[in-house]
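Quick notes on the structure that follows.
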Amino acid sequence: MNKKQLFEQIKSKKSFLCVGLDPVLENVPKHLLKYENPVLEFNKQIIDATKDLCVAYKPNTAFYESMGLKGWETLIKTWQYIPKDIFTIADAKRGDIGNTSAMYADAFFNEAKSDMSFDSITVAPYMGKDSVGPFLEHKDKWVILLALTSNAGHSDFQLHETPEGKLYEEVIRISSQWANSDQLMYVVGATRGSEFENIRRLAPDNFLLVPGIGAQGGSLADVCNYGLNKECGLLVNSARAIIYASKGEDFAEKAREEALKVQTEMEQILLSAKLI
């Protein structure tokens with residue numbers, strides 16, 4: 001999915017919501033345990049309940065890898081179940097020496113080899129250009145680089161002052177030379193709302209993947225105040241607040257209610273910005 005197609009989906013659905021598919025077996029509603037694969041059934045029902053309200057799904061691969069072979073199979077089948085007009089993000093946070101990154105890229109982008117072909121993957125930029133390049137060689141795919149995250153330890157490195165500014169600013173400046181905004185996005189945590197104006201100065205045209213609203217306490221209004229651009233430019237992720245809105249038999253219905261609340265707020269934001 002290219003940038004134009006993604007923006008068309010945003011306008012069509014009046015939403016820039018990304019739903020995080022981060023299931024933990026212990027948190028799956030008990031009535032689903034009768035299924036051969038309770039986690040897959042959980043994901044399917046969440047997707048069915050929210051697919052008209054969101055423009056992206058983001059499985060965090062750690063939640064699947066932790067289940068071994070069964071989890072990897074669940075990730076594949078989850079990707080296959082997501083409608084093809086919805087943007088898919090493999091939240092894998094990969095990044096290694098070139099030949100290793102090439103294998104990671106095949107794992108998530110090359111359906112002929114791995115049975116999966118996500119639209120995008122999150123990548124850690126610490127090892128530099130040659131660790132990111134193999135992902136960018138897949139010209140119809142996106143790289144989403146970690147820039148300014150929402151975790152407590154983000155300041156250990158990301159806010160470190162260099163002669164040219166903060167380290168996260170250097171990540172954006174330097175990486176913007178590797179690919180344009182048609183292939184490169186950045187992860188910026190919603191709890192870093194005060195930095196969005198600065199980030200938009202550095203990356204005016206790039207989409208930003210924004211985790212941290214909902215359970216992590218980030219403000220959608222704060223994010224949009226400075227984060228929106230002429231093509232929306234935001235994919236705002238919510239996981240726990242939606243997928244665990246209920247742990248009863250009504251979990252999918254409650255997930256839809258929570259997703260609808262976010263989508264309704266997003267619609268008003270898009271209308272106010274005259275993007276729809």
Side-chain angles (χ1 to χ4, degrees), residues 1 3 18 20-22 56-66 71-72 75-76 78-79 87-111 113-160 162 164-192 195 199 202-203 206-212 235 237 239:
M1 184 180 294
K3 188 197 285 191
C18 172
L21 297 175
D22 305 343
Y57 287 108
K58 182 179 74 65
N60 185 318
T61 64
F63 288 79
Y64 302 86
E65 293 173 77
S66 66
W72 201 252
L75 179 61
I76 292 170
T78 296
W79 174 79
F87 193 76
T88 53
I89 302 167
D91 190 3
K93 299 181 180 70
R94 297 303 199 258
D96 208 325
I97 61 173
N99 60 339
T100 305
S101 280
M103 293 299 102
Y104 282 139
D106 273 350
F108 293 101
F109 289 162
N110 190 334
E111 187 175 1
K113 285 187 175 182
S114 67
D115 295 320
M116 294 184 291
S117 184
F118 281 85
D119 291 301
S120 63
I121 184 171
T122 56
V123 175
Y126 187 77
M127 291 181 68
K129 182 179 181 179
D130 61 329
S131 69
V132 178
F135 298 99
L136 293 170
E137 289 176 8
H138 293 258
K139 296 303 182 184
D140 59 338
K141 303 297 184 181
W142 294 78
V143 168
I144 309 178
L145 282 185
L146 301 178
L148 185 60
T149 57
S150 56
N151 62 303
H154 79 284
S155 59
D156 291 344
F157 297 111
Q158 295 166 25
L159 300 185
H160 180 73
T162 77
E164 302 299 325
K166 296 182 178 70
L167 184 58
Y168 86 84
E169 296 174 335
E170 283 292 272
V171 167
I172 295 174
R173 283 195 196 97
I174 294 171
S175 64
S176 66
Q177 301 170 34
W178 304 342
N180 62 29
S181 62
D182 292 323
Q183 199 179 9
L184 192 61
M185 300 188 190
Y186 295 101
V187 175
V188 181
T191 54
R192 307 275 80 83
E195 295 285 346
I199 288 165
L202 297 167
N206 298 78
F207 263 85
L208 307 177
L209 172 62
V210 184
L235 294 175
N237 183 76

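Worth saying up front: this structure is predicted, and the values here are computed from it rather than measured.
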Taking only residues at least two apart or on different chains, which pairs with a member in residues 167-180 satisfy side chain to side chain donor-acceptor pair (under 3.5 Å)? Y168-E195, Y168-N198, E169-N198, E170-R173, S175-Y186
Under a 4.5 Å cut-off applied to non-hydrogen side-chain atoms, are P59 and D91 in contact? no
Which value, rounded to the nearest 0.5 Å, describes the distance between N206 atom CG and D182 atom CG? 9.0 Å
Measure the CZ-OH distance between F157 and Y126 for me, rounded to the nearest 0.5 Å. 6.0 Å
Check whether N237 reaches the backbone of V210 with its side chain - one donor and one acceptor, N or O, closer than 3.5 Å. no
Counting N and O atoms only, with roles assigned by atom type, does the side chain of S114 sit under 3.5 Å from a partner on the main chain of A107, one being a donor and the other an acceptor? yes
Once you round to the nearest 0.5 Å, how far does NE2 of H154 lie from CG of L148? 5.5 Å
Under the rule for salt bridge (Lys or Arg N to Asp or Glu O under 4.0 Å), what residues qualify as partners of D115, not counting sequence neighbours? none
E65: what forms a salt bridge (Lys or Arg N to Asp or Glu O under 4.0 Å) with it, not counting sequence neighbours? R94
The side-chain contact (heavy atoms from CB on, under 4.5 Å) partners of K113 (sequence neighbours excluded) come to D106, N110
Does S120 reach the main-chain N or O of T88 with its side chain, forming a donor-acceptor pair under 3.5 Å? yes
Side chains of K58 and T122: any donor to acceptor distance under 3.5 Å? no
Side chains of I144 and I121: does their closest heavy-atom pair fall under 4.5 Å? no
Do S181 and F207 have side chains that get closer than 4.5 Å, going by heavy atoms? no
Is any side-chain heavy atom of L235 less than 4.5 Å from a side-chain heavy atom of L208? no
Does S101 reach the main-chain N or O of V132 with its side chain, forming a donor-acceptor pair under 3.5 Å? no
Is there a donor-acceptor contact under 3.5 Å from the side chain of W142 to the main chain of K3? no
Roughly how far, to the nearest 0.5 Å, is CE of M116 from CD1 of I76? 5.0 Å
Got a sec, which residues hit salt bridge (Lys or Arg N to Asp or Glu O under 4.0 Å) with D119, two or more places apart in sequence or on another chain? none
Pairwise distance CD1(I172) to CG(L167) - rounded to 0.5 angstrom: 10.5 Å
Are Q183 and V143 side-chain neighbours, meaning at least one heavy-atom pair lies under 4.5 Å? no
Can you name the salt bridge (Lys or Arg N to Asp or Glu O under 4.0 Å) partners of K129, sequence neighbours left out? none
Parallel under 30°, tilted from 30 to 60°, perpendicular over 60°: which one fits the rings of W79 and F118? tilted
